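Below, chain A is the first sequence line, B the second, and so on; all start at residue 1. Source: prediction; values computed, not measured. Just so it is clear, the values below take in all heavy atoms, side chains as well, and ignore hydrogens, waters and symmetry mates.
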Protein chains: 2
Amino acid sequence: MKFFKNIKKSRSSSNEIFYAQIKKMIGFAPKNLSIYEQAFTHTSLQLKDKKGHPLNFERLEYLGDAMLGSIVASYLYDEVPDANEGYLTQMRSKIVSRDHLNELGRDLDLLRYLKTKTSKSKIGANIHGNLFEALVGAIYLDRGFNYCLKFINKKVIAIYVDIEKLEGKITSYKGLLIEWSQKCKRNIKFEVYEDTGNQNVKHFSVKLFVDKKAVSKGRATSKKRAEEMAAKRAYYVFQSEIETLL
Amino acid sequence: MKFFKNIKKSRSSSNEIFYAQIKKMIGFAPKNLSIYEQAFTHTSLQLKDKKGHPLNFERLEYLGDAMLGSIVASYLYDEVPDANEGYLTQMRSKIVSRDHLNELGRDLDLLRYLKTKTSKSKIGANIHGNLFEALVGAIYLDRGFNYCLKFINKKVIAIYVDIEKLEGKITSYKGLLIEWSQKCKRNIKFEVYEDTGNQNVKHFSVKLFVDKKAVSKGRATSKKRAEEMAAKRAYYVFQSEIETLL
C-alpha cells in the first residue's frame with residue numbers, strides 16, 4: 001500500500017520537478033524526497049507529521065550544522081597536516097561562519113524552494129544559511145555521512161574554501177592578477193553581466209580575458225565575488241608565472 | 001617493502017598487546033595501529049613524523065570532538081523526535097560536557113596507554129576527556145564514520161546517556177528504587193566492593209539484590225555512580241511495577 005502511494009506520489013509533476021532540482025543541486029539522486037521537502041518547510045506553516053511531531057526545517061538545520069562542523073574538521077585535518085588545534089578551530093569557524101553559510105545558501109538560491117506563510121522578504125538574511133544547513137541535514141538523513149561529505153566537498157569546500165585566503169596570505173586574487181598583468185604587460189579584462197536566472201536572487205556572471213582570450217568564468221550573487229571567483233581560477237592557470245614574477 | 005615492515009611491526013609483542021587492548025576496548029579490529037599510538041602520545045615527547053609534522057594526540061582530539069558532536073546530534077535527532085533545536089543543542093552540551101568526557105576517559109582507563117615525559121599525575125583531570133576525544137578521532141581516521149558511530153553508541157550512549165535523567169525527570173534511580181522498595185515492602189541491598197583492576201584507576205563494582213536475588217550490576221570509578229548504574233538497570237527490570245506504584 002505504502003509502495004503504491006509512493007509511486008503515485010513520485011509521479012505528480014511538481015514532485016518530479018522538485019526531484020530533478022534537488023538531484024541537480026546535490027549531485028546525486030535523493031532517495032526519500034519528503035526529507036528534502038521538510039528541509040524547505042518554514043515553521044510558519046505549523047505543519048505536523050502523522051505522529052504529531054513538528055514538520056519544518058529547524059531540526060534538520062540543527063543536524064546539518066553538526067554534520068557540517070565534523071566534515072569541515074575532517075577536511076582541515078587532512079588539508080593542513082602541520083596545523084595545531086587552535087588553528088584548526090579558528091579556520092573551521094571562519095568556514096562555517098554565519099556570513100559564509102548565508103552566502104552559500106544564497107548562491108544555491110535555496111529560498112526559491114521554501115514553503116512559508118510569512119513573506120520571504122521578511123524572514124531575514126539568515127534564512128539562506130539556515131536552509132543550507134537544513135539541506136545538509138536532509139542529505140545526511142537520506143543518504144548518510146559519505147554522501148554528505150561528497151556534497152560538502154563539492155559545493156562548499158571546492159568552491160568556497162581557500163586556505164591561503166582564510167589565512168590572509170592572499171587577500172584578493174583580482175588584485176594579484178592585476179599586479180601580475182601590469183608587471184608582464186598583459187592585458188586583462190573582466191566582462192560582467194547581470195543574470196536574473198530566477199525570480200528571487202540576482203546573479204552576476206563574469207568572463208575574464210587575458211590578452212583577449214577568455215581564460216575563466218565566475219558566477220555569484222555579487223559582482224565583486226563573481227570577479228574574485230574568475231580571478232582565482234585564472235590565478236591557477238598562470239600560477240607558476242605569477243609566483244615567479246611577484 | 002612496506003608490507004613486510006608492517007608484518008614485522010605487528011609481530012612485536014608490545015604491539016600485539018596494544019592491538020588486543022584497543023580491539024577489546026573499541027569492539028572491532030583496528031586497521032592502522034599507528035593512529036591509535038598517536039592518540040596516546042603526549043606533546044611532552046615532542047615527536048614528529050617523517051614529514052616533520054607534530055605527532056601527538058592534539059589534532060586527533062580536535063577531530064574526535066567534532067565527530068562526537070555530530071554523532072550525538074544525530075542520536076538526539078532520532079531519539080527525541082518532538083524536540084526543538086534549542087532542546088537538542090542543550091542536551092548535546094550536557095552529553096559532551098567536559099565532566100562527562102573526563103568520566104568516560106577515566107572509566108575506560110585511557111591514561112594507562114598514554115606515553116608522556118611529564119608525570120601523568122601532573123597533567124590535569126582533563127586529560128581523560130582529551131584522550132577519549134583523541135580515541136574517537138583515531139577511530140574515524142582508521143575505520144570511518146560508521147565505526148565511529150558504532151563505538152560511540154556502544155561506549156557512550158548505551159552506557160551514559162539517559163534522556164530522562166538529562167531532562168531532570170529522574171534525578172536518581174537509586175532513590176526511585178528505594179522509594180519503590182519501601183512502598184511495596186521489598187528488600188533491596190547494594191553490595192559494593194573496591195576493584196583495583198589496574199594501577200591507575202580504582203573501580204567500584206556493585207551488585208544489587210532485590211529480596212536476596214541478584215538482579216543487576218554496576219561498575220564505575222565512584223561508588224555512587226556504580227550504585228546508580230546498577231539501580232538504573234534494576235529500574236528497567238521492574239519498570240512496570242515501579243511506574244504503577246509511584
Side-chain angles (χ1 to χ4, degrees), chain A residues 35 38 43 48-93 95-96 130 133-134 136-150 152, chain B residues 35 38 43 48-93 95-96 130 133-134 136-150 152:
Chain A
I35 300 176
Q38 184 175 349
T43 42
K48 290 195 187 283
D49 67 12
K50 286 172 196 164
K51 290 178 183 166
H53 301 142
L55 199 81
N56 59 59
F57 67 70
E58 288 192 345
R59 285 165 44 86
L60 286 171
E61 181 194 335
Y62 160 82
L63 192 60
D65 168 74
M67 290 304 150
L68 200 56
S70 65
I71 290 169
V72 171
S74 157
Y75 162 77
L76 287 170
Y77 184 93
D78 289 338
E79 194 64 21
V80 204
D82 56 348
N84 64 23
E85 254 190 295
Y87 171 97
L88 295 169
T89 305
Q90 200 193 357
M91 289 293 263
R92 182 166 58 152
S93 343
I95 296 172
V96 299
N130 295 347
E133 290 178 325
V136 172
I139 295 171
Y140 174 73
L141 276 193
D142 182 40
R143 302 293 316 256
F145 187 81
N146 290 334
Y147 277 84
C148 217
L149 192 89
K150 217 162 140 177
I152 292 171
Chain B
I35 301 176
Q38 184 175 349
T43 42
K48 291 199 185 282
D49 67 10
K50 286 173 197 163
K51 289 177 182 164
H53 302 141
L55 197 82
N56 60 58
F57 68 70
E58 288 191 345
R59 283 164 45 87
L60 287 170
E61 181 194 334
Y62 160 83
L63 191 60
D65 168 76
M67 291 302 150
L68 201 57
S70 66
I71 290 170
V72 171
S74 158
Y75 162 78
L76 288 169
Y77 184 92
D78 289 337
E79 193 64 20
V80 204
D82 56 348
N84 64 22
E85 253 191 297
Y87 171 97
L88 294 169
T89 304
Q90 201 191 357
M91 289 294 261
R92 183 168 57 154
S93 350
I95 295 171
V96 299
N130 295 346
E133 290 178 325
V136 172
I139 295 171
Y140 174 74
L141 277 193
D142 183 39
R143 302 294 315 259
F145 187 79
N146 289 334
Y147 276 85
C148 216
L149 192 89
K150 217 163 141 178
I152 292 171

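Taking CG from A/D82 and CZ from B/R59, the interatomic distance works out to 7.5 Å, rounded to the nearest 0.5 Å. The CZ atom of B/F145 lies 6.0 Å from the OG atom of A/S70; values are rounded to the nearest 0.5 Å.
Taking chain A as the reference chain and counting heavy-atom pairs below 4.5 Å, the highest number among B/E58, B/K48, B/K51 is found for B/E58. Of the listed residues A/L68, A/I71, A/L141, the one with more heavy-atom pairs under 4.5 angstrom with chain B than any other is A/L141. Options A/D49, A/V72, A/L60, A/D65 differ in how many heavy-atom pairs under 4.5 Å they form with chain B, and the most are formed by A/L60.
Closest heavy-atom contact between B/S74 and A/Y140: OG-OH, 3.2 Å.
Of the two parts of B/P81, the backbone and the side chain both hold a non-hydrogen atom closer than 4.5 Å to a non-hydrogen atom of chain A.
Residues of residues 83-91 of chain A that come closer than 4.5 Å to chain B, counting heavy atoms only, are A/A83, A/E85, A/L88, A/T89, ordered by residue number.
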